[in-house]
Amino acid sequence: TGIAAAGFEVKSVDNVAIRCRLTKESDSLQTAIEALQASSLDVPIPDAAIEDLKFNEALPVDLARMILATRWRDEASAQRALAETLRVCHLT
């Protein structure tokens with residue numbers, strides 16, 4: 001989902017910026033970001049987190065991933081970040 005699904009190669013992500021290789025016009029990037037919804041953002045779940053669950057042997061892996069993603073997803077913060085003014089900088 002998100003920027004990568006819109007065809008942009010994401011190079012790195014931190015608390016300040018999302019760095020990507022522009023393979024399309026920057027207007028397309030802005031459109032892709034504006035289309036994001038906080039509730040649909042992927043939350044990467046490492047296998048170790050699933051193994052650390054108390055009843056992990058009784059849970060199907062897909063259900064465990066869904067439970068952890070729901071716990072870890074911070075929709076309110078993601079929505080605030082998505083509402084921030086978008087600044088696209090071109091570096092060559």
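- Distance check, rounded to the nearest 0.5 Å: CD1 of Ile50 to CG of Leu63 gives 10.0 Å.
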Check step by step if side-chain contact (heavy atoms from CB on, under 4.5 Å) holds for Leu68 and Leu53.
CA-CA 9 Å; Leu68 288 174; Leu53 288 173; 3.9 Å; yes

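- Within the structure, salt bridge (Lys or Arg N to Asp or Glu O under 4.0 Å) pairs that include any residue of residues 63-73 comprise Asp47-Arg65 (at least two apart or interchain).
- Closest of all the heavy-atom pairs between Ala58 and Pro60 is O-CD, 3.9 Å.
- Residues Trp72 and Val61 share a single hydrophobic cluster, defined by chaining ILVMFWY side chains whose heavy atoms lie under 4.5 Å apart.
- Taking every heavy atom of both residues into account, Ala64 and Leu59 meet most closely at CB-CD1, 4.3 Å.
- Counting heavy atoms from C-beta on, the side chains of Arg19 and Asp14 come closer than 4.5 Å.
- In this structure, Glu84 CD and Gln79 CD are separated by 11.5 Å, a value rounded to the nearest 0.5 Å.
- In this view, Ser77 and Asp74, Arg80 satisfy the side chain to side chain contact (heavy atoms under 4.5 Å, CB included) rule, not counting sequence neighbours.
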